[in-house]
Amino acid sequence: MAEYDLVVIGGGSVGCAAAYHAAGEGKRVLLLEQFQIGHNRGSSHGRSRIIRHSYTSAAYASLAPAAFELWRALERESGQPLLTMTGGIDVGRATNPAMVACRDALTEAGFGSVWLEGAEATAAFPQFNLREGHAILWQSGAGILNADLCVAALADQARSRGASIIEHAAVRSLNSSPSGVAVRYQTDQGEVTVEATSAVVAAGPWAGRFFSALGLPNELRVTHQQVVYYPVENAALWATGRCPIYIVHGRYGFYGFPVSDRPGFIKVAIELETAVEDPDETPRDPDLVALTRLNAINGTTFRGVRPEPADVVTCRYTETIDRDFIIDRHPDHPSIVLASPCSGHGFKFSILTGKLAAQLATSDKAASAIPNWRPQFALNKSGAHVQALATEWRD
């Protein structure tokens, strides 16, 4: 008999969520994290992440209610303040395809929104210098997740539900076994091999190595990203409750937050294309060219914000080619579930996508029979009718 029902590889938000949900179903769960829970070498650290309904695809927009519900349930269970509602806006040319797609997706998913242009938009959101022809799409269902608290709460509650979590445990191999899977990992005390009925691989930037080792095409791309903190001159204008989270679409698009995790500062970022070839390399220094570009955007777009950066914090994205998530069973080894539901927009859903990965790993149900699983999440989408995810704020 296998020692565990489920081994989870990776202790970021998705891996911790998978362990949390599986343990809640009474499964014997082991989670292996090569560093420590909450480390800064992947994609789950930091004190703020956007959560929203507004998406260019109704398939993703319609996942938001379930994610919100699960985060609120975790708040109640853990006693931690995980989610702050702020409302959210998309900003861009009124004819921008992503803007129009967000509005249409909200309508298709049954969520209300408000479309503003001209003087009406400027009056409603005076934080921004809007260019001629730009519009604002406002939606109440958006806010900020405290990422560090979320991951810690998932790990703590997984332990409370009976899961075992071993930190500083680097997985050396994952193979099929007579009982399901065999996982060999390394700790300071030496190598250990455990057997389990199934496994979830939620290894973030290291996921591509598991794809290759398991005979799957590795089309995942890891990139360097950075967020910048700017000091505000008008604290009331940028306060949470007065200012929403914001996503600006277009060639020089960016996203950002009101004053939230650092009093007196807003957090802003543009998405970068800088490839990280080796996920084991130490986090990179800030990209000064990108920082200069964001400083210029700040100076022309924001009101009441100084364009001199106070701090730059780095992280990584692990992206698929089409930016859709991957949450699916291995085609030849169905006891192994591959979960790469990130692609730069996945943290908000991680408490849900971790649950989907755990359900795939611990049940015999077809993926399509599991609530909230989407055809977009399949490893092989050939022949499947899916609604394309537009490139968000990338023009």
Side-chain angles (χ1 to χ4, degrees), residues 1-23 27-46 147-177 179-214 218 220 222 224 276-284 313-316 318 335-340 342 350 354 357-358 361:
M1 180 179 178
E3 299 169 71
Y4 296 95
D5 298 308
L6 177 65
V7 172
V8 179
I9 300 172
S13 59
V14 175
C16 286
Y20 164 75
H21 287 293
K27 305 300 182 183
R28 298 166 300 155
V29 178
L30 172 65
L31 185 150
L32 301 172
E33 166 53 52
Q34 65 176 326
F35 302 115
Q36 70 281 341
I37 302 297
H39 68 83
N40 67 352
R41 300 179 63 124
S43 307
S44 295
H45 64 284
D148 286 339
L149 283 183
C150 287
V151 174
L154 285 167
D156 288 345
Q157 296 310 306
R159 290 189 185 99
S160 295
R161 292 176 167 196
S164 297
I165 297 178
I166 302 178
E167 298 174 290
H168 304 287
V171 172
R172 300 306 186 198
S173 65
L174 168 63
N175 298 292
S176 294
S177 75
S179 60
V181 298
V183 182
R184 182 169 56 89
Y185 64 93
Q186 176 82 41
T187 70
D188 290 341
Q189 284 70 49
E191 283 194 348
V192 179
T193 299
V194 296
E195 292 197 342
T197 305
S198 59
V200 166
V201 177
W206 293 266
R209 291 182 177 175
F210 287 92
F211 277 61
S212 297
L214 292 167
N218 175 19
L220 299 178
V222 180
H224 163 89
V276 175
E277 301 297 339
D278 181 3
D280 286 326
E281 72 176 46
T282 57
R284 297 187 180 187
V313 178
T314 64
C315 65
R316 291 169 177 172
T318 305
S335 58
I336 299 174
V337 171
L338 289 306
S340 185
C342 25
S350 59

Could you go through the side chain to side chain contact (heavy atoms under 4.5 Å, CB included) check for F210 and V171 one step at a time?
-> CA-CA 10 Å; F210 287 92; V171 172; 3.9 Å; yes
Sequence neighbours excluded, which residues qualify as side-chain contact (heavy atoms from CB on, under 4.5 Å) partners of [X]?
{"X": "A213", "result": "none"}
{"X": "N218", "result": "F211, S212, L220"}
{"X": "S164", "result": "L30"}
{"X": "T314", "result": "H224, Q226, P283"}

For T193, check side-chain hydrogen bond (donor to acceptor under 3.5 Å, both in side chains) against everything at least two apart and list the hits.
->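 T193: no side-chain hydrogen bond (donor to acceptor under 3.5 Å, both in side chains) contacts found.
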What pairs with E167 under side-chain hydrogen bond (donor to acceptor under 3.5 Å, both in side chains), at least two apart in sequence or on another chain?
->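 Partners of E167 by the side-chain hydrogen bond (donor to acceptor under 3.5 Å, both in side chains) criterion come out as none, since no residue qualifies.
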What pairs with E281 under salt bridge (Lys or Arg N to Asp or Glu O under 4.0 Å), at least two apart in sequence or on another chain?
->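 Partners of E281 by the salt bridge (Lys or Arg N to Asp or Glu O under 4.0 Å) criterion, ordered by chain and then number, come out as R284.
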So which atom in [X] and which in [Y] form the shortest heavy-atom distance, rounded to 0.1 Å?
{"X": "L32", "Y": "A169", "result": "CD2-CB, 4.1 Å"}
{"X": "Y185", "Y": "V194", "result": "CE2-CG1, 4.1 Å"}
{"X": "A199", "Y": "L174", "result": "CB-CD1, 4.0 Å"}
{"X": "S335", "Y": "V181", "result": "OG-CG1, 3.5 Å"}

Identify every side-chain donor-acceptor pair in residues 147-157 under 3.5 Å, counting partners at least two apart or on other chains, and give the distances.
| residue | atom | partner | partner atom | Å |
| --- | --- | --- | --- | --- |
| D148 | OD1 | G46 | N | 2.9 |
| D156 | OD1 | R159 | NH1 | 3.2 |

Determine yes or no for a side-chain-to-main-chain donor-acceptor pair under 3.5 angstrom, with [X] supplying the side chain and [Y] the backbone.
{"X": "S198", "Y": "D5", "result": "yes"}
{"X": "E3", "Y": "E195", "result": "yes"}
{"X": "R316", "Y": "P279", "result": "yes"}

Can you list every salt bridge (charged side-chain N to carboxylate O under 4.0 Å, His left out) pair that touches residues 205-214, not counting sequence neighbours?
->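 Non-adjacent pairs meeting salt bridge (charged side-chain N to carboxylate O under 4.0 Å, His left out): R209-D278, R209-D280.
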Enumerate the residue pairs fulfilling salt bridge (charged side-chain N to carboxylate O under 4.0 Å, His left out) with a member in residues 30-43, sequence neighbours excluded, ordered by first and then second residue.
->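 Sorted result for residues 30-43: empty, none.
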What is the distance from atom CD1 of I166 to atom OG1 of T187, rounded to the nearest 0.5 Å?
->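 Taking CD1 in I166 and OG1 in T187, the distance rounds to 7.5 Å.
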Could you state the interatomic distance from CD (Q186) to CG (D188), rounded to the nearest 0.5 Å?
->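 Result: 8.5 Å between the selected atoms.
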ring-ring contact (aromatic ring centres under 6.0 Å, His included) with H168: which residues, sequence neighbours excluded?
->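 Scan of H168 (ring-ring contact (aromatic ring centres under 6.0 Å, His included), adjacent residues dropped) gives none.
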Show me, pair by pair, the donor-acceptor contacts under 3.5 angstrom made by side chains of residues 9-22, not counting sequence neighbours?
| residue | atom | partner | partner atom | Å |
| --- | --- | --- | --- | --- |
| S13 | OG | S44 | OG | 3.4 |
| S13 | OG | S350 | OG | 3.4 |
| Y20 | OH | E77 | OE1 | 2.8 |
| Y20 | OH | R161 | NH2 | 3.1 |
| H21 | NE2 | I351 | O | 2.8 |

